[in-house]
Amino acid sequence: QFRRLFIAQVLWLFGTGLLTIALALKAFEIGGAAGAGLVLSGVFTVKMLAYVGFAPLAATLGERLPVRPLLAALDIFRLLIALALLTTTATWQIFPLVLVFYLAAAAFTPAMQATVPSLLKDEGDYTAALSLSRAAASLESLLSPLLAAAFLTLASANALFAASALTFALSAGVLAITQLPNRATNAPGQRFRDRLTRGFAIYLATPRLRGLLAANLALSLPLAWILVNSVGFAGAKFGEDGTAFTGLMAAYGIGAIIGALSVPALVRRTTERRVILTGALAMGLLPLCIPLITAYPAALALWLLIGLAGSLVLTPGGLLLARSASQSDRPAIFAAQFTLSHAAWLIAYPLAGWLGAALGLVPAFVALGVAGTALTVAAWRIWPASHAHEHPDLPP
């Protein structure tokens with residue numbers, strides 16, 4: 001059953017990746033080179049706002065619905081949006097459709113993530129599942145552009161929307177034959193407001209999750225620079241033909257896959273706390289090496305190490321979430337993590353862009369690395385080494 005759920009996840013990952021590339025081409029077609037950047041920046045802003053604002057509400061509204069029909073219906077809904085985007089001819093038509101698409105994604109992702117620990121009750125199996133999911137996400141970022149390029153040799157750019165819709169149809173079909181455990185529900189009669197805020201209440205009351213939040217913010221600052229400014233750095237440093245940039249991002253993706261696949265072995269040998277905080281510390285310190293980079297191979301090595309460190313932070317978080325809530329509260333706490341982590345990106349993306357323009361790309365990366373290191377130190381202090389913490393108000 002997990003294999004089927006994982007296949008569905010891979011399908012919708014690639015569907016979303018193809019749709020993002022199709023949107024870039026559509027934006028260029030409608031607005032030209034100047035307008036495309038504005039459209040895409042608006043698309044990504046809408047995406048983050050949808051993720052930050054809607055995930056807890058979606059988790060609360062859907063907590064009493066059976067999970068398999070809910071996930072399959074959300075895939076069908078995204079299929080319809082992808083087909084609708086195929087017919088757009090103006091910028092104003094793109095944004096409401098993109099908003100609705102990412103609202104569906106904000107409902108789908110935490111619900112799927114909260115289902116996996118109920119499906120794989122053994123913690124070792126669940127750790128392996130987290131590793132596979134992170135590796136799949138990294139592989140998608142590497143392969144989606146290559147698949148899109150190959151597809152465009154055979155068909156028009158608009159057909160990428162149809163290809164994206166097909167992946168969502170296949171994902172829904174796989175989910176239809178997947179047996180998923182029933183959701184545990186909280187006691188009836190709870191007020192909607194209490195159910196809406198329950199995930200955040202549990203999250204912020206748990207010391208290790210507060211530490212995880214600080215580590216996620218520490219990660220997002222330098223990683224946002226990588227995602228926003230790598231193209232400018234590669235062009236200025238190694239030439240503007242685009243090959244240096246694609247090589248750097250490929251190195252980053254390979255490092256991310258290596259890091260994700262190494263997490264199960266690392267967690268068996270040490271604690272999630274040490275893995276996550278070591279990765280966050282590396283993410284803060286590695287940008288300090290950027291002034292020393294003069295040769296392209298050294299840049300490739302740096303990007304690879306950054307990808308590896310990022311996966312050490314991102315991969316084990318699900319273990320902490322599953323351990324910190326009862327089965328009935330898991331959808332709410334996964335939605336809280338989804339919202340808070342994307343709120344960090346909502347801060348990091350514009351900050352990376354603004355600092356890059358104001359200070360220059362290299363000083364901006366160093367500054368974000370220093371800030372990430374400081375946040376990692378805060379996470380070490382917030383997150384106690386012992387899993388135990390006091391609840392004096394509760395019976396033994």
Point to revise | side-chain contact (heavy atoms from CB on, under 4.5 Å) assessment of Phe168 paired with Leu80 | key: CA-CA 9 Å; Phe168 292 122; Leu80 296 174; over 6 Å; no

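- No donor-acceptor distance shorter than 3.5 angstrom exists from the side chain of Gln93 to the backbone of Thr88, with no hydrogens or angles considered.
- Taking CD1 from Ile81 and CG from Leu19, the interatomic distance works out to 10.0 Å, rounded to the nearest 0.5 Å.
- Taking the side chain as every heavy atom from C-beta outward, Leu213 and Tyr203 approach each other to under 4.5 Å.
- Residues Phe54 and Leu99 fail the side-chain proximity criterion, which asks for heavy atoms closer than 4.5 Å.
- Put simply, the side chain of Ser324 never gets that close to the backbone of Leu321: no donor and acceptor are under 3.5 Å apart.
- Between Leu13 and Gln9, some side-chain heavy-atom pair lies under the 4.5 Å cut-off.
- Of the possible donor and acceptor atoms, none in the side chain of Thr270 sits under 3.5 Å from a partner among the backbone N and O of Leu266.
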Check your understanding: After noting the C-alpha distance and the side-chain angles of Trp345 and Leu227, does the key distance pass the side-chain contact (heavy atoms from CB on, under 4.5 Å) rule?
Key -> CA-CA 11 Å; Trp345 288 105; Leu227 300 176; 4.3 Å; yes

Exercise for review: Evaluate side-chain contact (heavy atoms from CB on, under 4.5 Å) for Phe200 paired with Thr339, printing each intermediate quantity in order.
Suggested key: CA-CA 9 Å; Phe200 293 103; Thr339 293; 3.9 Å; yes

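- Residues Leu375 and Leu221 come closest through the heavy atom pair CD1-CD1, 3.7 Å.
- In terms of modelled atom types and a separation under 3.5 Å, the side chain of Asn229 and the main chain of Ala352 share a donor-acceptor contact.
- Between the Thr376 side chain and the Gly372 main chain, a donor and an acceptor come within less than 3.5 Å of each other.
- In this structure, Trp303 and Met249 have side chains that are in contact, with non-hydrogen atoms separated by less than 4.5 Å.
- Contact annotation: the side chain of Phe6 never approaches that of Arg3 to less than 4.5 Å [non-hydrogen atoms, C-beta and beyond].
- Side-chain N or O atoms of Ser311 include none that pairs as donor or acceptor with a backbone N or O of Leu308 at under 3.5 Å.
- Here the closest heavy-atom approach between residue Ala205 and residue Arg210 is recorded as C-NH1, 3.6 Å.
- Ala379 and Ala215 make their closest contact through CB-N, 4.1 Å (heavy atoms, listed as atom of the first residue, atom of the second, distance).
- The two residues Ala22 and Leu160 have their closest heavy-atom pair at CB-CB, 3.7 Å.
- Ring orientation note: the planes of Phe238 and Phe233 are nearly perpendicular, at an angle over 60° on the 30°/60° scale.
- Separation of atoms CZ (Arg68) and CG (Leu175) is listed at 9.0 Å; rounding is to 0.5 Å.
- The nearest pair of heavy atoms linking Ile306 to Met283 is O-SD, 3.3 Å.
- Between Ile276 and Leu320, the closest side-chain pair of non-hydrogen atoms falls below 4.5 Å.
- In this structure, the side chains of Leu204 and Leu209 stay at 4.5 Å or more apart for every pair of heavy atoms.
- Of all heavy-atom pairs spanning Ala104 and Arg78, the tightest one is CB-CG, 3.8 Å.
- Using a 4.0 Å cut-off between charged nitrogen and carboxylate oxygen, Arg208 and Glu272 do not count as a salt-bridge pair.
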Check your understanding: What do the steps show when you test Asp75 against Leu71 for side-chain contact (heavy atoms from CB on, under 4.5 Å), and what is the final call?
Key -> CA-CA 6 Å; Asp75 266 341; Leu71 295 178; 5.9 Å; no

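- Checking side-chain atoms of Arg273 against main-chain N and O of Trp380 turns up a donor-acceptor pair under 3.5 Å.
- Judged purely by atom type and a 3.5 angstrom limit, Thr115 uses its side chain to pair as donor or acceptor with the backbone of Ala111.
- At least one side-chain heavy atom of Phe365 sits less than 4.5 Å from a side-chain heavy atom of Ile226.
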